[in-house]
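Before any comments, here is the structure.
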Amino acid sequence: MLVDISRVLSGIEGEVSIRGWVHHKRSSGGILFLLVRDGTGIIQCTLRKDKAEVFEEIEKLPVESVVELRGVSKKDPRAIGGYEIAIEDIKTIHKAESGFPIAKKYHGPEFLLDHRHLWLRSEKMQAVLRIRAKLLEAARQWLTAHGYTEFQSPSLTQVACEGGATLFPVDYFGKRVYLTQSWQLYAEAAIASLGKIFTVAPSFRAERSRTRRHLTEFWHLEVEEPFCDLEKIMRVQEEFITHICHTLAKDMQPELKKLGREAGDLLKMKPPFPKITYDEAIEMLKKDGVKIEWGDSITWVVEKKLALKFDVPFFITHFPKEVKAFYHKPDPKDQRVTLSADMLAPEGYGEITGGGQRIHDYDELMKRIEEEKLDVKDYQWYVDLRKYGSVPHAGFGLGIERMVMWICKLKHIRDAIPFPRLINRVYP
Ligand code: 4AD
Ligand code: MG
């Protein structure tokens, strides 16, 4: 009976059959050592020369060929995964071409990006993608358990949510529309129907700068909640991020370890997270000799300096109106700033979430739309929401790749997503 390799590794001894890709192959002292990978795990299999009928065939088999084999599994502390299969019988399902482009040597990043369709099979990408999947599973689990309903919005829209500079235009039957930057404006409509909601969906930003932290297409987990203010939405984020980190620390230890992340780093996290205001952040930066003035946006280069000071996630709150989108509610105590908060990951990683409290008053929203010189016509439906049952509400957006990047200690965001979309790359 065919079993998953992960089942064998979890402790099956005796006769087993498995199938998978030949990940690696070497011979020594008349024995062939095959590492076989099936998507659930990798196991070492040995083939002795006295199995002459198949030995020669398998010895010539290029890596990444697919085999099906039967053999006897036993515990072996020297093998990766702790088990080894002594092959009794093996057959080739697909013989790969020789010269698999990804060799056991250094390849530059552009080469690996060009061969991303094959590089996905690497142990590094496997670990990252499994952690990414578990992160999303834990996120959905927490949100569902806490009463949030999943809700989807369109990807084609007519208006900017996060400013016109990063909009991607699309020709929509001769009319100009855009790829969505965020689900948020539609979410604000849906809370009056469903209450607390969330989504996991791609967002698009025509980011014109090459950085290690920006994709043009990223996965965005967003949350919107009625009867909610800035304080409350920060508490939601603290509990939510803590749950995800603790789940990863518990369930993904081998993968985290492979990437150099200690589970203990993630278990350290607990609410409440440290909070500094934008004003305090500017003062801290000035003290460090950074050239920055009140009202400037905190660029990702500068943000890094702040994020190096912390070893747990922290918030920067109360950003000036000028550096935040039109929908952010101005602080009634100081109209120059907004009830906004970004969460920054520690160790220099920087912003992973952005959000805060929205304007729920009709006149206040109209005023901000005029100040920002936006066309009210485009936002008519959004403004309409302030006429029919408008309540204080708040939300946030988490960049999945930003969080994966931090958790997996990646140097570049491109490795947090299977097929990255960057300013100079849409292939493969
Ligand atoms: O801070 P942002 O722009 O906020 C919003 O879009 C809000 N409408 C979200 C909300 O309140 N519902 O984006 C949210 C997060 C950022 O903190 C960052 O993690 C991620 O999305 N993000 C990107 N990730 C990768 N590449 C990019 N170009 C990103 N732009 C934003
Ligand atoms: Mg932001």
Side-chain angles (χ1 to χ4, degrees), residues 132 135 139 143 148 151 153 157 159-168 178-191 196-225 228-230 233-234 236-237 240-241 278 297-300 302-303 307 313-317 319-320 323-329 338-345 349-359 382 393-407 410 412-417 420-423 425:
R132 179 186 167 104
L135 185 157
L143 289 164
Y148 294 81
F151 168 80
S153 73
T157 74
V159 294
C161 180
E162 298 300 322
T166 62
L167 280 175
F168 259 121
Y178 305 99
L179 294 176
T180 187
Q181 297 169 309
S182 165
W183 151 99
Q184 181 193 320
L185 303 186
Y186 294 98
E188 289 182 60
I191 51 170
K196 306 197 287 188
I197 53 175
F198 76 99
T199 203
V200 182
S203 280
F204 302 86
R205 308 275 169 106
E207 301 281 356
R208 282 172 181 85
S209 48
R210 270 197 216 196
T211 79
R212 292 167 176 273
R213 301 163 23 94
H214 290 91
L215 295 161
T216 53
E217 176 177 358
F218 68 97
W219 281 77
H220 206 170
L221 187 151
E222 296 184 82
V223 169
E224 196 68 29
E225 183 164 339
C228 187
D229 60 9
L230 175 63
I233 203 66
M234 285 197 284
V236 169
Q237 292 181 63
F240 174 66
I241 296 292
Y278 170 88
S297 62
I298 300 181
T299 64
W300 72 276
V302 170
E303 203 183 83
F314 63 103
F315 286 104
I316 302 180
T317 68
F319 287 85
V323 304
K324 284 289 176 191
F326 72 98
Y327 56 73
H328 286 280
K329 184 170 170 57
T338 54
L339 299 177
S340 53
D342 283 4
M343 188 193 291
L344 276 67
Y349 280 96
E351 181 186 345
I352 55 171
T353 81
Q357 193 171 333
R358 328 303 192 186
I359 299 174
Y382 180 71
H393 60 288
F396 69 91
L398 166 71
I400 295 300
E401 292 78 15
R402 292 274 182 90
M403 180 148 176
V404 169
M405 189 182 168
W406 157 51
I407 299 280
L410 303 175
H412 199 299
I413 197 165
R414 65 184 171 219
D415 288 333
I417 185 163
R421 295 295 175 248
L422 302 162
I423 185 167
R425 179 170 294 278

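Remember, it's 1-based here, ligands and their atoms both numbered in the order they're listed.
Here salt bridge (charged side-chain N to carboxylate O under 4.0 Å, His left out) pairs that include residues 211-222, with residues two or more places apart or in two chains, are Arg213-Glu303.
With respect to atom 18 (C) of ligand 1, the closest heavy atom belonging to the protein is Arg402 NH1, 3.6 Å. Atom 15 (C) of ligand 1 has its closest protein heavy atom at Gly397 O, 3.5 Å. Closest protein heavy atom to atom 17 (O) of ligand 1: Glu351 OE2, 2.6 Å. The protein non-hydrogen atom at the shortest distance from atom 19 (O) of ligand 1 is Ile352 O, 2.8 Å. What sits closest to atom 7 (C) of ligand 1 on the protein, heavy atoms only, is Glu162 OE2, 3.3 Å.
The set of protein atoms (N, O or S) found at less than 2.8 Å from the Mg ion (ligand 2) reads Glu351 OE2, by chain and number.
To the nearest 0.5 Å, atom CD of residue Gln357 and atom CZ of residue Phe396 are 15.0 Å apart. Between the CD1 atom in Ile197 and the CD atom in Glu188 there is a gap of 9.5 Å [rounded to 0.5 Å].
Proximity of Glu401 to ligand 1 is not established, as no heavy-atom distance is less than 4.0 Å. For Arg358, the closest heavy-atom approach to ligand 1 falls below 4.0 Å.
Inter-residue side-chain proximity for Tyr148 and Val236 is flagged as met; some heavy-atom pair is nearer than 4.5 Å.
The side chain of Ile413, and not its backbone, has at least one atom closer than 4.0 Å to an atom of ligand 1 (non-hydrogen atoms only; side chain from C-beta on). With a 4.0 Å heavy-atom cut-off, ligand 1 is reached by the side chain of Tyr327 but not by its N, CA, C or O. Proximity of Glu222 to ligand 1, defined as any heavy-atom pair under 4.0 Å, is confined to the side chain (atoms from C-beta onward). Contact annotation: for His220 versus ligand 1, heavy atoms closer than 4.0 Å belong to the side chain alone. If you look at Glu217 next to ligand 1, there are no close heavy atoms at all, none under 4.0 Å. The proximity of Phe218 to ligand 1, defined as any non-hydrogen pair under 4.0 Å, is limited to the side chain.
Checking Thr338 against His328 by side-chain atom types alone, no donor-acceptor pair falls below 3.5 Å.
Just one residue in the list Gln181, Arg208, Glu207, His214 forms a side chain to side chain donor-acceptor pair (under 3.5 Å) with Thr166, and that residue is Gln181.
Polar contact check, Leu215 against ligand 1: a nitrogen or oxygen pair lies under 3.5 Å apart. Between Ser182 and ligand 1, at least one pair of N/O atoms sits closer than 3.5 Å. Annotation: Arg205 places an N or O atom under 3.5 Å from an N or O atom of ligand 1; distance criterion only. Below 3.5 Å of separation, one finds no N or O of Gln181 facing any N or O of ligand 1.
Salt-bridge check for Arg358 with Glu224: passed, with a basic side-chain N closer than 4.0 Å to an acidic carboxylate O.
Listed by atom number, the atoms of ligand 1 under 4.0 Å from Gly399 heavy atoms are 15 (C), 19 (O), 20 (C), 21 (O).
Under a 3.5 Å cut-off, the side chain of Thr157 and the backbone N or O of Thr180 do not form any donor-acceptor pair.
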